[in-house]
Amino acid sequence: MVNAPKTLRTFCKAPKCKNHQVFKVTQYKAGKASLVAQGKRRYDNKQAGFGGQTKPVFHKKARSHPLAGEGGGAAAARRGGREGSAQRCGVEAAVGAAQWGHAAVP
């Protein structure tokens, strides 16, 4: 979820108002997908018959872990763990983080 305000003061266009009011903010939700849309028909045609899945299916979720943004990717994995795990590993990981130009976590 995105951090967003629950209410918003904005202009009300109704003929009775014509001034700023407090409005409740809701998150956008897509409507029901149409079965007759051109893209859906093309996709269903391509999927029909033998051959399995024909298009990529997105499985990766958003990275919301507090240490997820501090990574080093594949290089960190080869070194034996993420640099951001210094908080959990103690002195050894903090030394490794300092070598890579990051501030050591106390």
Using a 3.5 Å cut-off and no angle test, enumerate the donor-acceptor pairs between side-chain atoms of residues 5-16 and protein atoms at least two apart in sequence or in another chain.
none

For this session: Rounded to the nearest 0.5 Å, what's the gap from NZ on Lys40 to CZ on Arg42? Could you check?
Result: 13.0 Å
For this session: Hey, could you give me the CD/CD distance between Gln47 and Gln53, rounded to the nearest 0.5 Å?
Result: 4.5 Å
Exercise. Who are the salt bridge (Lys or Arg N to Asp or Glu O under 4.0 Å) partners of Lys46, not counting sequence neighbours?
Worked result: none
